[in-house]
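Heads up: the structure comes next, in structure tokens.
These numbers come from the heavy atoms of this one structure, side chains and all, not from hydrogens, waters or symmetry mates. Small disclaimer: the values here were computed from a predicted structure and weren't measured. Residue numbers count from 1 along this sequence.
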Amino acid sequence: MTTNVRVNAGRLWSSLMEMAAIGATAKGGVRRIGLTDEDRQGRDLFRRWCDRQGYAVRIDPCGNMFARRAGTESGLAPVMIGSHLDSQPTGGKFDGAFGVLAALEAMRTLDDLGVTTRRPIEIVNWTNEEGAVFRPMLGSEVFTGALPLDTAYQLRDPAGETLESRLTAIGYRGERALDPNDVHCYFEAHIEQGPILEIERKTIGVVTGGIGLMWYKIKIVGVEAHAGPTPMNVRRDALMGAAEVALAVREIARARSGGRGTVGCLTPYPSSPNVIPGIVEMTVDLRHENAAELTRMDSAFRAVVATVGQENKLASEVDLTVESPPIPFNPVLVGFVRDAAESLGFSHLDIVSGAGHDAFHMARRVPTAMVFIPCENGISHNESENATQFDCEAGCNVLLQAALRAANEASEL
Ligand SMILES: [Zn+2]
């Protein structure tokens, strides 16, 4: 039986700290930007650890790293587990690294105890998840075919270097290693990057899917005029219209459980203290886990912009700039994660991921689920990002149990 297998928490922690020493910042964070020399050092360390366990390490043309622990039935498609080792420019020790090193610790535990699995288990380190250069979730986007490799190779970083030349420079431009059709399923463990688990005092987030989002650019046009001589009743003030839209965005999100609405950018022109703004440019970000609700939020938002325009004699343009539908995870695998948390005695909560992950790309091609653990004050993408040793151990054990079940059971996904 494998249900009584438990990971080595001390070894997981020391691996996390050893990885965090690469690109360590003075404030206790990590700067390990994708495709830089620090990224190469992190990859090299991960590769040494995998070599030591005897796993077959392969690199694909986009630099994604795969380390396979063999199964007893080598012809079966592998269970894939992992995340990413790159960080934000001022990132933390856990975002991404936890998922890769939890996967490694899970496999080391199986080695220690001589546990075999039917299916192989493949640890993955995705290239450039953070998008501090090029674009986010690049490695998984190329792996799943959502972005053609040739297009990706021609992307340029701020210094004008292509992805292809960066991959070559760090020595991680490899050969075709694996096809998504040949992957049985995918699990990713990650810190939550939000405050919900901490607020609810839960150890494990059973991630049911990824939130859907719509991004808009809005331009509101009124008439620029002098702030003194222009009476209130004849003004066509673009900023006051924008303010009504911004407040309505909050209400549209609040009216739906799980809705999110954000005005992140708002620029009035000409931006002078005694001039009524004639033009405002703003952005709106609407999110919901449910596709139908997100569509209703979109309609409500467009209606508000039209009404505000009519009532205030303002012209308006709404451009949808990004549309990413909600991504439900595989219910069977989500059940594996929930059952593992339950049987290990951890408090848990079903949760939707509000941040993007490689698992989102994977979910479109391969049955996928995620495990979340809390992070201190919900803070990530920050050098002070923190997680407890207890929660890291718990998440790693849940990942291990869910992966073992997927690797051994002949269940329909
Ligand atoms: Zn991450």
Worked verdict on R68 versus I121 for side-chain contact (heavy atoms from CB on, under 4.5 Å): CA-CA 6 Å; R68 176 173 294 213; I121 299 182; over 6 Å; no

Indicate yes or no: at least one non-hydrogen side-chain atom of [X] is less than 4.5 angstrom from one of [Y].
X: M214; Y: L320; value: yes
X: L286; Y: V284; value: yes
X: C392; Y: I373; value: yes
X: E412; Y: V332; value: no
X: T72; Y: T117; value: no
X: S316; Y: V221; value: no
X: R58; Y: E122; value: yes

I'd like to know if the side chain of [X] pairs up with that of [Y] as donor and acceptor (distance under 3.5 Å, no hydrogens or angles considered).
X: E130; Y: H381; value: yes
X: E281; Y: T267; value: no
X: T90; Y: E383; value: no
X: D391; Y: T388; value: yes
X: T262; Y: R250; value: no
X: D319; Y: T321; value: no
X: Q154; Y: D150; value: no
X: E105; Y: T109; value: yes
X: Y153; Y: R173; value: yes
X: R135; Y: N128; value: no

CZ (R256) with more than 12 external heavy atoms under 6.0 Å: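 Enclosed.
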
Heavy-atom neighbours of W13 CH2 exceed 12 at 6.0 Å: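 Yes, CH2 of W13 has more than 12 neighbouring heavy atoms, counting only those of other groups under 6.0 Å.
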
Parallel, tilted or perpendicular: rings of Y216 and F301 (30°, 60°):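 The arrangement is tilted - the two ring planes meet at 30° to 60°.
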
Aromatic plane relationship, F360 with F329 - under 30° parallel, 30 to 60° tilted, over 60° perpendicular: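 Because their plane-to-plane angle is over 60°, the rings of F329 and F360 count as perpendicular.
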
Lys NZ or Arg CZ of R43 over Y172 ring: under 6.0 Å, within 45°: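 Output yes; distance and angle both within limits.
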
Cationic N near anionic O, under 4.0 Å, D285 to R287: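 Salt bridge between D285 and R287, a charged N being under 4.0 Å from a carboxylate O: yes.
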
Side-chain ion pair, R40 and D44, N-O less than 4.0 Å: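 So R40 pairs with D44 through a salt bridge.
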
CA sep, side-chain torsions, deciding dist, call: R48, D51, salt bridge (charged side-chain N to carboxylate O under 4.0 Å, His left out): CA-CA 5 Å; R48 282 199 299 279; D51 286 344; over 6 Å; no

Distance flag, aromatic centroids of F143 and W126, threshold under 6.0 Å: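 That pair passes the under 6.0 Å test.
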
Validation row, ring centre H357 to ring centre F372 under 6.0 Å: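 Centroid distance H357-F372: below 6.0 Å, so yes.
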
Residues which pass side chain to side chain donor-acceptor pair (under 3.5 Å) with E224, listed by chain and number, not counting sequence neighbours: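 Listed in chain order: nothing, the list is empty.
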
Derivation and outcome, side-chain contact (heavy atoms from CB on, under 4.5 Å), residues D95 and H84: CA-CA 8 Å; D95 180 353; H84 62 95; 3.2 Å; yes

